[in-house]
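Because the structure is a prediction, the values reported are computed rather than measured. The sequence lines fix the lettering, A, B, ..., with proteins before strands; numbering per chain opens at 1.
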Amino acid sequence: MKQRIESLISSALHSLVEQDAIPNISAEDIGASLHVERARDAAHGDFASNVALVLAKRAKSKPRDLAETIIAAIAKTDDVEEISIAGPGFINFRITRLSWLSLIEQIRSDAEVYGMSKMGSGQKVLLEFVSANPTGPLHVGHGRGAAYGDALARVLRAGGYQVDSEYYVNDAGRQMDILALSVWLRYLQQENPAVEFTPNGYQGDYVVEIAGKLKEKVGDQFRNYSDDFFSDLPEDGDAAVDLLVERCKQTLGVADFKILFDQGCDALVEDIRQDLAEFGVEYQGWFSERSLVTNGAMEKSIAVLEQNGHVYEKEGAKWFRATDFGDEKDRVVMRANGSHTYFATDLAYHFDKGERGYDRLLDVFGADHHGYIKRIKASFEALGHPPDKLDILLVQFAILYRGKEKVSMSTRGGDFVTLRELRDEVGNDAARFFYALRKPDQHMDFDLDLAKSQSLENPVYYVQYAHARICSVFRKIEEKGMPGLQSASPDYTLLVEEQELGLVQTLARFPEVVESAARSLEPHQVAYYLRDLAAAFQSYYNAHPFLSSEDNLRLARLGLIDATRQVIVNGLNLLAVSAPEQM
RNA sequence: GCGCCCGUAGCUCAGUUGGAUAGAGCGUGCGGCUACGAACCGCAAGGUCGGAGGUUCGAAUCCUUCCGGGCGCGCCA
């Protein structure tokens, strides 16, 4: 409907430009300055445009006069009942009732496709999100990234993009070594409780569990522990843990250490995969960081950087000249000791993604990684990819509270609330909707006690309840043997109530909401829309009966709520929330 | 110290890319179930859009500055 108005104005402007009726305005200006919005106040009509205000200055005429000219040039159609000028020069449109009502049948025949758009014209998008290190189970902070990323993937698909989502698995590096060490020590403690635990190790109970599995697999084979393992440790916890990792590798040897390492890594990746799947999050790909090293991709990317002249050596290390691309300082890719940095694999990963034939790359990062964005984009450009092909989106942190008390979320300390706990506590639907209700760049206060106590007040139930009520009406129709929608085609002109028109107009917004959410990468718009839609329905439901109305009117009303049901389902699907027929 | 994000009703948050009288939910007060599910509906109170300047027909939205909060600034990942 909105598009219809836009094209009306657009063609009017084009013909005016051709006739030279408005000075200083060219055909190119039209697209940029043309905006149509829903009128906020019904007294203004249904849609409003401010083109006249925008163009007036350039055209050297008064906005209201220009509006007059534009209106005169707009072609007459059956859809538009009235066009008027208001305020400083807004052009207001009123759509005919019949035109609104015709939407009901359109929704019912489009069914699950209603709201889907071709806006993205099949562009290929690679969306990476969560990508948490497999050093522990996902916590509620990761849950936010998961809910956002997955909803974004769904919204983009609805917007006509072809989206693959991917999880980058950090299955290498120091943190993972520390995890392996932690597992080993827990394994030793099973037999000998006197064995100490490492400072700065992973303290969560899940490590003990993994150690148990390790025991099942290797038996006592890894028990060659000597009592001086913990001797002469440096004061500093980080240095100490690094030394212990070294000793662990020496004690076990390369092959056995790898078995140990994989035991921890595989268990946690599998745990994360399951957790996310249960949360409704499916990935098309899981990309291994380690593979970049073993298959030479990392070395190749660094070689490309060197060929392009963006690498230099200093103090024995290889540096990427990130400052040439706007970063604050240059960044090390290869350390003086010959090992690569995390950044080296990450730039190789983005190089790889850039080569895979996608039109657009999206990364969703936690806000704690914002310092990282510049160097990633810098390296991406230095490797020869167009910088605006890659967008890095930030999801702000969820700050956790238990009541008034702030809860830290350290994976190492083992003191965190897992996503799984949250899901068990409030359910997947409530958790998904709760996350979906905030835009990503909003800091989020997540009070766990409140989340639990309010689980019944979660707006998700409000939306689901509207759906269940509609289904219930249809069940009743069936029970009482009343004629249903299959019996005849409804006469929608019988719908004359204020709430009925309001509901149809809300239904009409859905495609606009989907497009807007996809364009601005903000799936939360869908969540807010669904609440509005549910409210429009509940208000209608309370004001007017279905069963007791006259046969033809009832049929028309059933058609309207059937369309409503369809849009609720389509919308909830975008958030991976279920639409139960009974609650 | 430097950089990124945020500040809107008592609380939690929206605000259609600069539009008309700033909106929801929760909470508070009042009212509403005898063909449909009260997990609902209706009405009301509640605001210096953190403060101050600026840009223009027009600012919660853009710019400057200050205040307050979150997060980052390693040859860690």
Which whole number of Å gives the distance between the C1' atom of B/A39 and that of B/C73? 48 Å

Using distance alone, with no hydrogens and no angle criterion, decide if A/Tyr349 and A/Glu166 have a side-chain donor and acceptor under 3.5 Å apart. yes

Quick one: are the ring centres of A/Phe510 and A/Tyr529 less than 6.0 Å apart? yes

Please give the nucleotide sitting opposite B/C36 as a Watson-Crick or G-U wobble pair, both distances under 3.5 Å, or none. none

Hey, is B/C36 sitting syn or anti, using the within-90° cutoff around 0? syn

So, A/Thr135 versus A/Gln175: side-chain donor-acceptor pair below 3.5 Å or not? no

Using a strict cut-off of less than 4.0 Å between a Lys/Arg side-chain nitrogen and an Asp/Glu carboxylate oxygen, indicate whether A/Arg432 and A/Asp429 qualify as a salt bridge. no

Looking for any heavy atom pair under 4.0 Å, which part of the strands does A/Pro545 touch: base, sugar-phosphate only, or nothing? base

base_contact_polar (B/A39 base, A/Asn458 side chain, donor-acceptor, <3.5 Å): no

What is the nucleic acid contact for A/His467, judged by heavy atoms within less than 4.0 Å: base, sugar-phosphate only, or nothing? nothing

Whom does B/G29 pair with, Watson-Crick or G-U wobble, provided both distances fall under 3.5 Å? B/C43

Each nucleotide N or O in nucleotides 74-77 of chain B that has a protein N or O under 3.5 Å away: list the pair and distance.
unit_1: B/C75; atom_1: O3'; unit_2: A/Arg335; atom_2: NE; d: 3.0
unit_1: B/C75; atom_1: O2; unit_2: A/Ala336; atom_2: N; d: 3.0
unit_1: B/C75; atom_1: N4; unit_2: A/Glu315; atom_2: O; d: 3.1
unit_1: B/C75; atom_1: N4; unit_2: A/Glu315; atom_2: OE1; d: 3.4
unit_1: B/C76; atom_1: OP2; unit_2: A/Arg335; atom_2: NE; d: 2.9
unit_1: B/C76; atom_1: OP2; unit_2: A/Arg335; atom_2: NH2; d: 3.3
unit_1: B/C76; atom_1: O3'; unit_2: A/Arg335; atom_2: NH2; d: 3.4
unit_1: B/C76; atom_1: O2'; unit_2: A/Arg174; atom_2: NH1; d: 3.2
unit_1: B/A77; atom_1: OP1; unit_2: A/Arg335; atom_2: NH2; d: 2.7
unit_1: B/A77; atom_1: OP2; unit_2: A/Arg335; atom_2: NH2; d: 2.9
unit_1: B/A77; atom_1: OP2; unit_2: A/Tyr342; atom_2: N; d: 3.1
unit_1: B/A77; atom_1: O3'; unit_2: A/Ala172; atom_2: O; d: 3.4
unit_1: B/A77; atom_1: O2'; unit_2: A/Asn133; atom_2: ND2; d: 2.4

Between B/G15 and B/U21, how far apart are the C1' atoms? Round to whole Å, please. 15 Å

Picking from B/C6, B/G19, B/G25, the nucleotide nearest the side-chain atoms of A/Arg531 would be B/G25

Measure centre to centre between the rings of A/Tyr465 and A/Phe537, then say whether the value is under 6.0 Å. no

Sort out the partner of B/A20 for me: Watson-Crick or G-U wobble, both distances under 3.5 Å, none otherwise. none

Judged by nearest nucleotide, the residue sitting upstream toward the 5' end of RNA chain B, A/Glu522 or A/Gln538, is A/Glu522

Decide yes or no on salt bridge (charged side-chain N to carboxylate O under 4.0 Å, His left out) for A/Asp330 and A/Lys314, but give the supporting numbers first. CA-CA 11 Å; A/Asp330 294 339; A/Lys314 193 178 88 183; over 6 Å; no

Check: A/Glu497 main-chain N/O paired with A/Glu500 side-chain donor or acceptor under 3.5 Å: yes

Can you tell me the base-pairing partner of B/G7? Count Watson-Crick or G-U wobble geometry only, both distances below 3.5 Å, and say none if there is no partner. B/C67

Could you tell me if A/Arg321 sits above the aromatic ring of A/Phe325, with its cationic atom closer than 6.0 Å to the ring centre and no more than 45 degrees from the axis? no

Donor-acceptor pair under 3.5 Å: do we get one between A/His370's side chain and the base of B/C71? yes

Is there aromatic stacking of A/Tyr528 on B/A14 here, judged by a ring-centre distance under 5.5 Å and a plane angle under 30°? no

Is there a donor N/O on one and an acceptor N/O on the other, under 3.5 Å, for the side chain of A/Asn50 and the base of B/G19? yes

What's touching nucleotides 28-34 of chain B from the protein side, N or O pairs under 3.5 Å?
none

Pairwise P distance for B/G50 and B/C6, with rounding to whole Å: 12 Å

Syn or anti: how is B/U12 classified when any glycosidic angle within 90° of 0 counts as syn? anti

Basic-acidic side-chain contact under 4.0 Å: A/Asp238, A/Arg174: yes

What interatomic distance, in whole Å, is found between C1' of B/U28 and the corresponding atom of B/A52? 35 Å

Which part of the nucleic acid, if any, lies within contact of A/Ala543, taking any heavy atom under 4.0 Å across all strands shown: a base, the sugar-phosphate backbone alone, or nothing? nothing

Contact nearer the 5' end of RNA chain B, comparing A/Leu437 with A/Gln582: A/Leu437

Watson-Crick or G-U wobble partner of B/C2, both distances under 3.5 Å: B/G72

Contact class for A/Ser520 (heavy atom, under 4.0 Å): base, sugar-phosphate, or nothing? base

Using centres under 5.5 Å plus planes under 30 degrees as the test, is A/His44 stacked with B/A20? yes

Check: protein-nucleotides 7-10 of chain B nitrogen or oxygen pairs below 3.5 Å:
none

Is a salt bridge present between A/Asp346 and A/Arg375, judged by a nitrogen-to-oxygen distance below 4.0 Å? no

Does a salt bridge link A/Arg554 with A/Asp551, judged by any charged N lying under 4.0 Å from a carboxylate O? yes

Using only heavy-atom distances, determine whether the side chains of A/Tyr541 and A/Gln499 contain a donor-acceptor pair under 3.5 Å. no

